[in-house]
Amino acid sequence: MPELPEVETVCRGLSARLVGRRLVRVEQRRPGLRLPFPEDMPARLTGRRVVAIGRRAKYILIHLDDGGVAILHLGMSGRLIIAEAPGAPPGRHDHVVLTTDDGAVVVFNDARRFGLMTLALEAELAAHPLLVGLGPEPLSPGFTPKALSARLAGRGSPIKAALLDQTVVAGLGNIYVSESLFHAGISPLRPAASVAGAGAGRLVPAIRRVLKAAIAAGGSSLRDYVQTSGELGYFQHRFAVYDRAGQPCPGCCCDVAETGGIRRLTQANRSSYYCPRRQD
DNA sequence: CGGCAAACCTGCGAGC
DNA sequence: TGCTCGCAGGTTTGCC
């Protein structure tokens, strides 16, 4: 799925086209995705004006003029595409279609249906069950080596698993964990607690740098992800290690035949990629 | 509580 | 060409 950079890119696309617009039509084409849609979702959205678009972790927050907030998650394969022409025949996995007063058509398409969409009240957002346990935003000032160290302390699980845990830091997924660990020179196998301190001092800026570069590139397009415009992101061309098993490490000078290049391993049922020479 | 596997669902590429 | 298998950016649940 879309991880933080992809979700952020989608939010920016939505923001540019939706803020200030009124939703004049809400079409719900199935009862729900990972969670059921609220029964009254179309009624609660229709006629509302969008006042802001926000993001928390991988959740998209559409703030409305009546104090309501639509919460969306793209799961693994979710897309939000903005078209300008109403009336196009619905695609195979188009689940929710929003039409604005100036003719934008926002389609929530999700082949695998791991995404979700629900409604909340602005006043209760901070305590919402989907958001309440989330860790710090990695691009916020509160995400410091000290703060990360505190959340890693006492954890015996591998740092790879800890960084995927959204209560440790919010918004990282399988791609950007591998990339960040590479740039910090830390093996995905290291026990999380051992990364507290000096390791966190390298990891925090590495995470920030990777995420910012990915956002600047419009995210990473592997299979499903596209921007709201339908354009692909292009950060995938800049991966140092992700999905590059057997290929040369960008930091090592040596012969791949000799070193084996980038390694892939399975942790917590997900693939990790790393350079054993530069990460320990 | 920690950690791992499986589940949710569909699509795609590889291999036979 | 067509089948089966394995794998995929996430999150939750259930079982040691």
Side-chain angles (χ1 to χ4, degrees), chain A residues 1-11 29-37 55-60 71-80 91-95 108-118 128-135 138 151-181 188-194 207 210-211 214-215 217-227 232-246 264-273:
Chain A
M1 141 181 215
E3 304 180 33
L4 187 153
E6 291 74 38
V7 177
E8 178 63 27
T9 302
V10 167
C11 283
R29 307 192 61 249
R30 58 175 301 117
L33 294 173
R34 202 180 85 214
L35 301 177
F37 298 134
R55 179 189 59 73
R56 176 75 173 105
K58 300 168 192 169
Y59 292 95
I60 296 162
I71 303 175
L72 290 80
H73 194 291
L74 300 177
M76 292 279 262
S77 57
R79 306 172 168 199
L80 283 166
R92 180 150 155 62
H93 301 294
D94 292 350
H95 306 309
F108 187 3
N109 175 290
D110 184 4
R112 292 176 72 180
R113 306 209 299 271
F114 289 174
L116 71 83
M117 179 169 179
T118 192
H128 193 282
L130 291 171
L131 308 179
V132 72
L134 294 170
R151 289 176 187 261
L152 296 178
R155 286 193 177 239
S157 56
I159 185 65
K160 165 71 191 294
L163 293 177
L164 283 176
D165 182 342
Q166 302 295 296
T167 70
V168 170
V169 53
L172 296 185
N174 210 34
I175 292 176
Y176 297 106
V177 167
S178 275
E179 292 297 302
S180 299
L181 287 171
L189 295 162
R190 280 256 300 267
S194 77
I207 289 169
V210 167
L211 294 179
I215 292 169
S220 302
S221 292
L222 300 188
R223 293 162 192 78
D224 300 304
Y225 168 72
V226 292
Q227 304 184 38
L232 301 177
Y234 51 92
F235 190 73
Q236 65 277 14
H237 302 302
R238 308 241 295 273
F239 291 162
V241 291
Y242 183 80
D243 204 21
R244 298 192 63 237
R264 174 193 148 150
L265 62 94
T266 299
Q267 295 178 285
N269 262 355
R270 324 270 323 258
S271 293
S272 296
Y273 299 88

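In what follows, every chain begins at residue 1, and chains take the letters A, B, ... in the order their sequences are listed. From a predicted model like this one, the values you see are computed outputs, not experimental measurements.
Qualifying side-chain contact (heavy atoms from CB on, under 4.5 Å) partners for A/Phe114, counting only residues two or more places apart in sequence or in other chains: A/Met76, A/Arg112.
Chain A approaches DNA chain B over the interval B/dG3 to B/dG11, counting the first and last nucleotide 5' to 3' with an atom under 4.0 Å from its heavy atoms.
Looking at every heavy atom in both residues, A/Leu163 comes nearest to A/Leu172 through O-CB, 3.8 Å. Between A/Gly218 and A/Thr9, the shortest heavy-atom distance links the atoms C-OG1, 3.6 Å. Here the shortest heavy-atom pairing between A/Tyr59 and A/Ile71 reads CD2-CG2, 3.7 Å. Taking every heavy atom of both residues into account, A/Gly173 and A/Glu3 meet most closely at N-OE1, 2.7 Å.
Taking CD1 of A/Ile175 as the start and OG of A/Ser271 as the end, the distance is 11.5 Å to the nearest 0.5 Å.
The gap from the P atom of C/dG14 to that of B/dC9 amounts to 16 Å, rounded to the nearest Å. As rounded to the nearest Å, B/dA6 and C/dG6 have P atoms that lie 13 Å from one another.
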- Task: Convert the base pairs of DNA chain B into dot-bracket notation, remembering that pairs crossing earlier ones are written with [ ] and that bases paired across to another strand are shown as |; include only Watson-Crick or G-U pairs under 3.5 Å.
- Result: .|||||||.|||||||
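Residue contacts shown for A/Arg92 are limited to sugar-phosphate atoms, with no base heavy atom under 4.0 Å away. A/Gly156 comes within 4.0 angstrom of sugar-phosphate atoms only, judged by non-hydrogen atoms across all strands, and of no base. Note on A/Asp110: nothing from the nucleic acid sits closer than 4.0 angstrom, heavy atoms only.
Within the 3.5 Å criterion, the main-chain N or O of A/Arg79 finds no donor-acceptor partner in the side chain of A/Asp224. Looking at A/His95, its side chain does come within 3.5 Å of a backbone N or O of A/His93 through a donor-acceptor pair. Judged by distance alone, the side chain of A/Glu8 and the main-chain N or O of A/Arg55 form no donor-acceptor pair under 3.5 Å. Between the side chain of A/Lys58 and the main chain of A/Glu6, no donor-acceptor pair closer than 3.5 Å is present.
Residue A/His73 contributes atom NE2, which lies 8 Å from atom P of C/dG10 at whole-angstrom precision. Taking atom CG of residue A/Leu35 and atom C1' of nucleotide C/dT12, one finds them 10 Å apart after rounding to whole Å. Rounded to whole angstrom, the span from the CZ atom of A/Arg79 across to the C1' atom of C/dG10 amounts to 17 Å.
Comparing A/Gly154 and A/Gln267 by the nucleotide of DNA chain B that holds the closest heavy atom to each, the one mapping nearer the 5' end is A/Gly154.
Residues of residues 158-166 of chain A that place a heavy atom closer than 4.0 Å to DNA chain C, in numerical order, are A/Gln166.
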Review item, nucleotides 5-8 of chain C N/O atoms under 3.5 Å of protein N/O:
unit_1, atom_1, unit_2, atom_2, d
C/dA8, OP1, A/Ser271, OG, 2.8
C/dA8, N3, A/Arg112, NH1, 3.1

Protein and nucleotides 13-16 of chain C: nitrogen or oxygen contacts under 3.5 angstrom:
none

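Using a 4.0 Å cut-off between charged nitrogen and carboxylate oxygen, A/Asp165 and A/Arg155 count as a salt-bridge pair.
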